[in-house]
Participant: 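Here it is: the structure, laid out below.
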Amino acid sequence: MTNTSTYQAYRAWVTEPIPGKPRISVVVPAFNEEWRILPTVGAIATHMCARGEPWELIVADDGSTDTTVELLTDLRFPNMRVLIADRNRGKGSAVRRGVLAAQGDYVLFADADQSTPVEQFDRLLDELTKGYDVAVGSRAASGAAVSGRSLLRRTLSRGLRVVVAVGFGVKVTDTQCGFKLFTADAARTLFELQIVDNFSFDLEVLYLSGKVGLKVAEVPVEWIDAPGSTVDAAKVSLQFLTDLFKIRISDLRGHYTVGGHHSVARAAGRRQAIVAAPTSVNQ
Amino acid sequence: MRIRTETGAGHHSISLAGRFDAHEIDGYRMAFEPLLSEPGTVVRVDLASVVFVDSSALAELLRSQRAARESDGDLVLVNLSDPVRIILELTALEQVFTTETGASAPVGVVADSSGRPVETR
């Protein structure tokens, strides 16, 4: 049954600019998502409007060649921005543009396929309100509910997890889940530093979180494999390993200079803490 | 997604609960198609407890509507949840479907979680 107050909040959100600064920014990278993007916008809008806080939506196009951009811009929502790219550069590039354009106190990055339902946002926000700088949705943490993931993808993920932990000291068990929440300071610090344009940007961001001393919480989430994915798991894994090497080389060459960043001083006294939130997800 | 099928004299209804996406289409179709065995059948699909519909599910609902109308019946979407209502608006499908708010039919047959009808009485 329709909850009238949520629908009314949604109608207000799509017709009137929010007064002042948003508390929450949702960033969705999109590349040729004409088939999926409108239901995703609807799901995000429903949940965020139901929360009753000012929020904005940023869709960072990544050079789509289909009607993704037209579908979104035709909506003319006053609190949604569509960042148009002249060409496809990669998911990392799109997320970076979106996050750096965000104005909210908290910045959520969420994949366009709703594989992690937006309702999981609330449990990530809980962690940031406890003092964490970054909350990472995880399919590997205890309590996560994962469905539809192939054996190949699960096996490759486990292997890469070992490589990431041993080779990089990143203790997060699922670096690649497309559902991460940042405080505004953390978002700006990390995405001004990160340089990887493809899907390995997630790992880079978590590596940088440790480097600058941000507190990272890993939160088990519900995750449903989005049908129609064209990702070649084996090919992606090989690329991921290559990117690991590149990130390490970039660091050794001083590309991640953190001295000039305002929030580093704040983070300097902190020791990176990786924890699995003691919450569980029901199927 | 949970699927419950109810049949009564001259009307049928399907209640859906959870996430209606491409993974759930086969189950939905197994529940829906047997209901069209007679011409002029109106099938009500109750969406009060649906939290998300993706494009594949919307396409399947359109397919169901077309199948029902081809046999002089109709598909009626009942009790739209907030996300369903908003997604139908965004996709400009709100005017394409017949919608209503109302109660469902008396229970006659209930489907299991895969959509396969199960006799209850």
Side-chain angles (χ1 to χ4, degrees), chain A residues 1-15 33-51 57 59 66-68 71-72 74-77 80 112-120 145-149 222-229 282-283, chain B residues 1-4 13 15-29 44-63 76-97 99-104 113-114:
Chain A
M1 187 75 72
T2 295
N3 180 334
T4 304
S5 62
T6 296
Y7 183 72
Q8 287 177 345
Y10 165 76
R11 291 306 310 170
W13 187 81
V14 300
T15 52
E33 294 286 355
E34 64 181 1
W35 178 246
R36 298 193 283 205
I37 195 65
L38 292 180
T40 293
V41 168
I44 292 171
T46 304
H47 185 70
M48 289 300 169
C49 289
R51 288 181 53 85
L57 176 60
V59 181
D66 65 1
T67 61
T68 299
L71 286 172
L72 293 166
D74 284 353
L75 295 174
R76 300 179 188 280
F77 288 170
M80 179 178 78
D113 59 12
Q114 270 288 290
S115 51
T116 305
V118 67
E119 291 79 7
Q120 307 289 300
V146 176
S147 60
R149 204 175 195 198
E222 179 184 4
W223 187 87
I224 305 104
D225 183 43
S229 171
N282 295 323
Q283 285 272 21
Chain B
M1 183 174 72
R2 295 182 301 282
I3 304 172
R4 195 176 74 156
S13 70
S15 298
L16 307 178
R19 177 178 167 121
F20 189 9
D21 62 17
H23 293 295
E24 308 294 343
I25 286 174
D26 287 347
Y28 165 81
R29 197 173 291 178
R44 286 177 167 74
V45 179
D46 192 315
L47 300 168
S49 299
V50 171
V51 297
F52 178 63
V53 283
D54 73 357
S55 295
S56 298
L58 293 172
E60 183 63 17
L61 289 172
L62 285 170
R63 197 194 69 81
V76 180
L77 303 185
V78 182
N79 296 330
L80 306 184
S81 64
D82 282 324
V84 172
R85 182 180 182 185
I86 288 169
I87 290 168
L88 286 179
E89 278 190 18
L90 284 170
T91 53
L93 290 173
E94 56 182 325
Q95 305 301 323
V96 174
F97 289 108
T99 61
E100 67 179 38
T101 301
S104 57
S113 59
S114 68

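Numbers restart at 1 for each chain; the letters A, B, ... are given by sequence-line order, proteins then strands.
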Participant: Mind checking what makes ring pair (Phe, Tyr, Trp, His ring centres under 6.0 Å) contact with A:Phe77, not counting sequence neighbours?
Facilitator: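 Listed in chain order: A:Trp13.
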Participant: Quick one: what part of A:Asp113 sits under 4.5 Å from any heavy atom of chain B, side chain, backbone, both or neither?
Facilitator: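 Backbone of A:Asp113 only, per the 4.5 Å heavy-atom cut-off to chain B.
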Participant: Please flag which part of A:Leu75 lies under 4.5 Å from any non-hydrogen atom of chain B: side chain, backbone, both or neither.
Facilitator: side chain
Participant: Assess whether side-chain contact (heavy atoms from CB on, under 4.5 Å) is satisfied between B:Arg19 and A:Ile224, documenting all intermediate values.
Facilitator: CA-CA 10 Å; B:Arg19 177 178 167 121; A:Ile224 305 104; 3.8 Å; yes
Participant: What's the separation between atom OG1 in A:Thr40 and atom CD1 in B:Ile87, rounded to the nearest 0.5 Å?
Facilitator: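 Output value for this atom pair is 8.0 Å.
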Participant: Between A:Val41 and chain B, which part of the residue has a heavy atom less than 4.5 Å away: side chain, backbone, both or neither?
Facilitator: both
Participant: From B:Leu88 CG over to A:Leu38 CG, what is the distance, rounded to the nearest 0.5 angstrom?
Facilitator: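 Result: 11.5 Å between the selected atoms.
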Participant: Would you give the length of the straight line joining atom CG of B:Asp82 to atom CD of A:Gln8, rounded to the nearest 0.5 angstrom?
Facilitator: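 Here the interatomic distance stands at 10.0 Å.
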Participant: Roughly how far apart are B:Phe52 CZ and A:Glu119 CD, rounded to 0.5 Å?
Facilitator: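 Answer for the CZ-CD pair, B:Phe52 versus A:Glu119, is 9.5 Å.
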Participant: Which bit of B:Ala57 comes within less than 4.5 Å of chain A, counting heavy atoms only: side chain, backbone, both or neither?
Facilitator: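 For B:Ala57, there is no contact with chain A at all, as no heavy atom is under 4.5 Å.
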Participant: Between CD1 of B:Ile86 and CD1 of A:Ile44, what distance do you get to the nearest 0.5 Å?
Facilitator: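 The CD1 atom of B:Ile86 sits 12.0 Å away from the CD1 atom of A:Ile44.
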Participant: I'd like to verify something: which residue of A:Pro117, A:Pro39, A:Cys49, A:Ala45 has the highest number of heavy-atom pairs under 4.5 Å with chain B?
Facilitator: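 Result: the option with the highest number of such pairs is A:Pro39.
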Participant: Tell me, with the steps shown, if B:Arg85 and A:Tyr10 meet side-chain contact (heavy atoms from CB on, under 4.5 Å).
Facilitator: CA-CA 11 Å; B:Arg85 182 180 182 185; A:Tyr10 165 76; over 6 Å; no
